[in-house]
J.: 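Please see the structure below; I have some questions.
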Amino acid sequence: MTTITTPLITSSRSTALAVRNTHDGYDACKTDDAIDLEIDACSSSSAEEDDVSQNNISEQILSLATPALVSLAIDPLMTIADTAFVGRYSAPNDPYPLAGLGSAAALLVFSFYVFNFLATATAPLVAKARASRDEAGAKLVGGQALTLALVLGSALTLTLLIFREPLLHVMGTGVTGAEADHYGEQFLTARALAAPAVLVCSASNGILRGYLDTKTPTIILLGSNVINLLLDVVLVAQLKLGPLGAGIATTVAEWIAALCFLGVLAGKLPSADGEKLGSNAEPSELGNIVPVFKLPKWMDIRPLVVASSAVFLRSIVLQVAMSSAAAMAARSTAESDIIASGASSSVAAHQIALQLWLLCSFLCDALATASQALVADGIGREDADSVRTVSRTVFSWGLALGLFLSLTLWIGTESSFLIDFFTADEGTRIELTKLLTIVILAQPLNSFVFAADGVLQGAEEFLYQAKSMALSVLAAFAVFATLEYTPFLGENDGDTLVHVWLGLIGLQSMRALTSLAKLIEKQGPIDLLGLDGKASITT
C-alpha cells in the first residue's frame, strides 16, 4: 500500500518510537514510567500536528478563496452597478427602464450561466492532470476550453440578436408593457455582443483555478469592474442613455477582461503569482495555453465533453427554474388585473432581490472554488484523508460566511440602506421589502449548497449533480404550486411573488439534501464522516 501526500496539504504522517540497542530485548535505562512518558509525548506531538495540519488547510483554503471571493463577486457587481445606475437615474416613479433591464438581465444570466461548465468542468480536469504531473494534458484541456468558449460565444451572440424579441417576451416584457420591452431590447442587444468575451473569461478562470491561481482572475476582473463603473457614470448618469448605456459599459469591460486573460495564458502578459503561467513565469517546453484551431481526437476531448455535458444539463435545469421565476414575477400582478406598472414593480423588485441573492451566492462560491481545486488536487494525488479534511474545513467556513451574510443583509434592510440604494419607486420598495426577508433567512442554507457544489465538482461528480438539480427543480415547482394553487395555503392571496421565492428556497433545500447524501456516502468519493476508514487510496 502506498500513501501519497500532497505538498499543498500534509495530512498523512507517521510516528514511531525509537528502538535502542537493548540487552535481551530490554532497555535497562528505560523504566515503564519512562515508556509511558514517551508515548504521552508522542500523543501530545500528534495532537499538535493535528492543529498545525488544520491551520495549514484553513490557510490554503483562505489563500485561494479570498481572491476568488473578489473575482466571483465582480461579475454580479457589474449587473448590480447597472441596476443601481439605471434605477437611480430613471425618472421618479418610472419603473419601466429597470423592469426592461431586469427581464433582459434574467435572460442573459440564463444564457451565460448555462455555459458555466467552461469553468466548472475545466478547473478539476486541469487540477487533476497537473497534480498527477501531466502538464501536457493540463494545457491541452485548457486550449480546448478556450476554443469551445469562442465557438459557443459566437453562436450565442447570433442567437440572442436574431431571437431577441420573442426571447424577451418569454421573460415577461410582453406583460410589463411596450416601454419596458423597448428598454430590455436595448440592453440585450448591447450585452449580446459580449457573449464570446464572457465565455472566454469563464474558461480562463477555470484554467487558472486548475493551476491554483485565483489572484490573476481577481486583478483582471477587478480592473474590468472599475472600467464598467466609470463607463456607467459617463453613459448612464451623464449622457442619460439608460439601459443601453449600461449594456455598452458592461460589454466594453468584459471584452477588455477577455483579452487580458488570453494574454496571460498565451504568455504575453504577466500573471499574479508568476510561477506557472504568464510572461513572468519560467518558459515551458510544452508551450503556453492558446485556443486549439484544429479538430482534436475524440479520446483527447472526451473528458471535457463528458464533464461539460453533465454540467451543461445541470445549469440548463437551474436556469430554467430561475428564468421561470422571473417570468412569474412579471405575470404576478398583471394576472391580478393590476395595471402594467404594477407588473413592472414586481419585476424590478425581483431583479434587485435576485441580484443580491446572486451576489451572496458568488461570495459563498468562493469557498467552493478553493475546495474544488484542493479536492481535485487531493484526488489526483490519491490522498483521501486530505480530501475529507478539506471538505470539513470548507463547510465550517461556509457556515460562518452564511451567518455573516445574513447579518449584513439584515442590517442593510433594517436601516433602509439597501432599499434606498436601489430604487425610489414606491411600488418596487413595497415588493422588495417582502423579498429581502426571504433572502436574509436563506443565506446559511445557500452557503452550504455552494460549498457542497465545490467539493462534489472537485470529485468530478458532475452527472450526480445534474440528476440532483433536476430533482431539486421539481421540488421547487411543487412548493410553488402548493402555495399558489392549494386553497388553504394561499390561493388568490396576492403573494405570487413571495411564492416564487419560497419555491427557490425549496430548490436550495433539496440541493442541500441530495448533496449531503453523496458527501456522507461510505463508498463515495468524499466519505465525509470517514465511515470507510481510509486515510489514503491504495495503488
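Throughout, residue positions are numbered sequentially from 1 according to the sequence presented. This is a predicted model, so every value here is computed, not measured.
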J.: Please tell me if the side chains of Leu108 and Leu160 come closer than 4.5 Å, counting only heavy atoms from C-beta onward.
T.: yes
J.: Do Leu229 and Asn225 come within less than 4.5 Å of each other through their side chains, counting heavy atoms only?
T.: no
J.: Do Val500 and Phe480 come within less than 4.5 Å of each other through their side chains, counting heavy atoms only?
T.: yes
J.: Is a donor on one side and an acceptor on the other found under 3.5 Å between the side chain of Ser224 and the backbone of Leu221?
T.: yes
J.: Which pairs pass salt bridge (charged side-chain N to carboxylate O under 4.0 Å, His left out) with one or both residues in residues 400-415, sequence neighbours excluded?
T.: none
J.: Is any side-chain heavy atom of Tyr183 less than 4.5 Å from a side-chain heavy atom of Leu98?
T.: no
J.: Side chains of Leu152 and Leu156, heavy atoms from C-beta outward: is any pair under 4.5 Å?
T.: no
J.: Output the distance between atom CD (Glu185) and atom OG (Ser103), rounded to the nearest 0.5 Å.
T.: 12.5 Å
J.: Which atom pairs, one a donor and one an acceptor, fall under 3.5 Å between side chains of residues 404-411 and the rest of the protein, sequence neighbours left out?
T.:
from, atom 1, to, atom 2, distance (Å)
Ser406, OG, Gly402, O, 3.3
Ser406, OG, Ile440, O, 2.7
Thr408, OG1, Phe404, O, 2.9

J.: If you compare all heavy atoms of Ala203 against all heavy atoms of Ala149, which two are closest, and at what distance to 0.1 Å?
T.: CB-CB, 4.1 Å
J.: Quick one, Leu265 and Val290 - any side-chain contact, counting heavy atoms below 4.5 Å?
T.: no
J.: Of all the heavy-atom pairs spanning Ala192 and Thr157, show the shortest one and how long it is.
T.: O-OG1, 2.8 Å
J.: Between Gly153 and Ala195, which heavy-atom pair has the shortest distance, and what is it?
T.: O-CB, 3.5 Å
J.: Does the side chain to side chain contact (heavy atoms under 4.5 Å, CB included) test come out yes or no for Thr437 and Thr413, once each step is laid out?
T.: CA-CA 9 Å; Thr437 301; Thr413 302; over 6 Å; no
J.: Could you walk me through whether Thr216 and Tyr211 satisfy the side chain to side chain contact (heavy atoms under 4.5 Å, CB included) test, starting with their C-alpha distance in whole Å, then the side-chain angles of each, then the deciding distance to 0.1 Å, before giving a yes or no?
T.: CA-CA 11 Å; Thr216 300; Tyr211 279 90; over 6 Å; no
J.: For Leu193, is there any backbone N or O sitting under 3.5 Å from a side-chain donor or acceptor partner on Trp255?
T.: yes
J.: Using the side-chain contact (heavy atoms from CB on, under 4.5 Å) criterion, which residues pair with Pro291? Sequence neighbours excluded.
T.: Leu146, Thr147, Leu150, Phe293
J.: So, taking the atom named CG in Asp213 and the one named CD1 in Ile207, what distance separates them when rounded to the nearest 0.5 Å?
T.: 11.5 Å
J.: Not counting sequence neighbours, which residues clear side-chain contact (heavy atoms from CB on, under 4.5 Å) with Ala104? List them please.
T.: Leu168, Phe187, Leu188
J.: Mind listing the closest non-hydrogen atom pair of Thr122 and Ala145 along with its distance?
T.: OG1-CB, 3.6 Å
J.: I need the Leu432 CG to Leu418 CG distance, nearest 0.5 Å.
T.: 8.0 Å
J.: Who are the ring-ring contact (aromatic ring centres under 6.0 Å, His included) partners of Phe163, not counting sequence neighbours?
T.: none
J.: How far apart are the closest heavy atoms of Ala249 and Leu235, and which atoms are they?
T.: N-CD1, 4.0 Å
J.: Output all residues satisfying side-chain contact (heavy atoms from CB on, under 4.5 Å) with Ala190, sequence neighbours left out; order by chain, then residue number.
T.: Leu244, Ile248
J.: Nearest 0.5 Å, what's the CE-CD distance between Met469 and Gln465?
T.: 7.5 Å
J.: Any heavy-atom pair between the side chains of Val439 and Gln443 that's under 4.5 Å?
T.: yes
J.: In terms of side-chain heavy atoms, does His182 have a donor or acceptor partner in Gln186 at a distance below 3.5 Å?
T.: yes
J.: To the closest 0.5 Å, what do you measure between OG (Ser509) and CG (Leu445)?
T.: 5.0 Å
J.: Tell me whether the NZ or CZ atom of Arg511 lies within the 45° cone about the ring axis of Phe450 and under 6.0 Å from its centre.
T.: yes
J.: So Leu401 and Cys364, do their side chains get closer than 4.5 Å, heavy atoms only?
T.: yes
J.: Calculate, to the nearest 0.5 Å, the distance between atoms CZ and CG belonging to Phe477 and Leu507 respectively.
T.: 9.0 Å
J.: Show your reasoning for whether side chain to side chain contact (heavy atoms under 4.5 Å, CB included) applies to Leu435 and Ile352.
T.: CA-CA 10 Å; Leu435 300 185; Ile352 295 169; over 6 Å; no
J.: Side chain to side chain contact (heavy atoms under 4.5 Å, CB included) between Leu148 and Phe115: does it pass, once the steps are laid out?
T.: CA-CA 10 Å; Leu148 202 55; Phe115 296 105; over 6 Å; no
J.: Looking at every non-hydrogen atom in both residues, tell me the closest pair between Ile220 and Ala257 and how far apart they are.
T.: CG2-O, 3.6 Å
